[in-house]
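Working notes for the structure below.
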There are 2 protein chains.
Amino acid sequence: MEQINNIQVVPCTSSNYLRPFRVHYNQNGTKKSWDFMQTHDSVSVLIFNTTSHCFILVKQFRPAVYMSEWERSKPKPLQPSEEESAEATPAEPKVPEEDKAGETSEGTSSHQPPASAGVTYELCAGLVDKPNLSLEEIARQEVLEECGYDVPVTKLRKITSYRSGVGVTGSKQTMFYAEVSNENRVGEGGGKPQEGELIEVVKVPLHEAMTFAFDESIPKTMGVIFSFIWFHSNMSPKYKISTNV
Amino acid sequence: MEQINNIQVVPCTSSNYLRPFRVHYNQNGTKKSWDFMQTHDSVSVLIFNTTSHCFILVKQFRPAVYMSEWERSKPKPLQPSEEESAEATPAEPKVPEEDKAGETSEGTSSHQPPASAGVTYELCAGLVDKPNLSLEEIARQEVLEECGYDVPVTKLRKITSYRSGVGVTGSKQTMFYAEVSNENRVGEGGGKPQEGELIEVVKVPLHEAMTFAFDESIPKTMGVIFSFIWFHSNMSPKYKISTNV
């Protein structure tokens, strides 16, 4: 599907996207410090097409997932512990060694996993970065931009909210459920190519959903699994769904 | 519960915990870049005590969650858009303004939320940072250290795995289910105080679990909600559970 090559990894000294802060505080009289990052809250939407009885997901190449898979696929030689290594060379990138060293940037290393290793299935989702819009309005925009369905705000049902990345960002995610029909389909979706988004819209038939959710060979977020099982628990009186969890 | 004060936030120029990298790559012939962070994979464990019919969770103060709540609680005056602001002053911390400016570090600002705003309920969990141990062995250690239960590795059942923080870290999380009884309880749990951990072990009775899961006034991770609903779907033949989702 995707062709990924010419991979180069460099330390990132200044980023508009990842900006670490350190907070010093006293907890019950004990001095502590914690490094964290400020991010936007986010919304995600479980979309169910009542015409085709399919869930509508998005699928995209995620560089962070790809790099994580690459690192995991590397043989682990005898090394100093991660902690020691981190303390000794805090600014030294550890992935991927072959590109870092500049030996090759052609992506031809035997270590390099296929592009599919970085492609994940996710709920339609977006950042809460427009102060004048409600969560529902932001969710609606994402459904339109990413998946091509025009769904009224009133048809968005909040499933719940929770804290994400509690160790690093602590942002709040709110999950919605939206029922759409083929009549709501007004475009192709796919995100905003001008912003570098390259999103594929994917249908998962209802009767395959639970098998899909628990198939670990299909990389996906917990949001997909949780929302499918939520649908199974809450919508089963309305829609038949396979129960082979 | 927690006393949090003397809060100071500073930009974090070098961290052993948050180390941003930038990857340059070609996707289908188009040059792209992405900022990401390398983190460890992790495990989490849904613990069910068959003696007391309670789930065993952990509860702790999370600085990243607290700072995120603080930022969210601040009034949003008319400002340049987040993007413009980020580009203009990429190294400038945005939270919390009053501490950043050094006006007061006493934590007495009217903006400062109560410590409880940063306390989250989570599954027992830990990083996969010991190359010689299996995921099950790491999960077992965390159950012992954080919750005080000694559960044999053979009693850990894998629920599933998924990708976490796909935009930033892309790490892999594996979730286990462990049934324990009061007989497995060998200690108090609470984590490693010498490593700064201050973890409270919390019981959630089975019959309150689904209400707890969907009560948004109780800050928690998606893992808690997902695992409770998974239990509801998979263990209901074995254990009675309230269905008021």
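Order of the sequence lines sets the chain letters (A, B, ...), proteins ahead of strands, with each chain counted from 1. These figures come from a predicted structure and were not determined experimentally.
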Quiz prompt | side-chain hydrogen bond (donor to acceptor under 3.5 Å, both in side chains) partners of A:Glu69, counting only residues at least two apart | solution =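 Checked A:Glu69 against side-chain hydrogen bond (donor to acceptor under 3.5 Å, both in side chains); matches are A:Arg72, B:Arg163.
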
Exercise. Check side-chain hydrogen bond (donor to acceptor under 3.5 Å, both in side chains) between B:Ser33 and all other residues, then give those that pass, not counting sequence neighbours.
Key: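 B:Ser33 satisfies side-chain hydrogen bond (donor to acceptor under 3.5 Å, both in side chains) with B:His24 once adjacent residues are dropped.
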
Practice problem: Tell me, out of B:Ser227, B:Ser171, B:Ala213, who's got the most heavy-atom pairs with chain A below 4.5 Å. | Solution: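 Maximum pair count with chain A is reached by B:Ser171.
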
Self-check item: For chain A, the option from B:Glu216, B:Met37, B:Arg62 that forms the most heavy-atom pairs under 4.5 Å
Solution: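 Ranked by contacts with chain A, first place is B:Glu216.
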
Tell me, side chain or backbone of [X] under 4.5 Å from chain A's heavy atoms, or both, or neither?
X: B:Thr169; answer: backbone
X: B:Lys172; answer: both
X: B:Asp215; answer: neither
X: B:Ile159; answer: both

Quiz prompt | Residue selection (most heavy-atom pairs with chain B, distance under 4.5 Å) from A:Pro63, A:Gly165, A:Ala115, A:Ser164 | solution =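 Greatest number of close heavy-atom pairs with chain B: A:Pro63.
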
Quiz item: When A:Val166 is tested against each of B:Glu122, B:Gln60, B:Lys220 for side chain to side chain contact (heavy atoms under 4.5 Å, CB included), which residue passes?
Solution: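 Exactly one candidate clears the test, B:Glu122.
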
Quiz item: Are the side chain of A:Asn26 and the backbone of B:Ile4 linked by a donor-acceptor contact shorter than 3.5 Å?
Solution: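 Checked: no pair found.
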
Quiz item: When the ring planes of A:Tyr25 and B:Phe61 are compared, do they come out parallel, tilted or perpendicular, using 30° and 60° as the limits?
Solution: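 Rings of A:Tyr25 and B:Phe61: tilted, as their planes differ by 30° to 60°.
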
Self-check item: Taking every non-hydrogen atom, the tightest pair across A:Arg22 and B:Ser15
Solution: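 Scanning both residues, the minimum pair turns out to be NH2-CA, 3.8 Å.
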
Exercise. Specify the closest pair of heavy atoms between A:Phe21 and B:Pro11, including all atoms of both residues, with the distance to one decimal.
Key: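 For A:Phe21 and B:Pro11, the tightest heavy-atom pair comes out as CD2-CA, 3.9 Å.
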
Exercise. Might you work through the side-chain contact (heavy atoms from CB on, under 4.5 Å) test for B:Tyr66 and A:Trp34, ending with a clear yes or no?
Key: CA-CA 11 Å; B:Tyr66 185 77; A:Trp34 194 268; over 6 Å; no

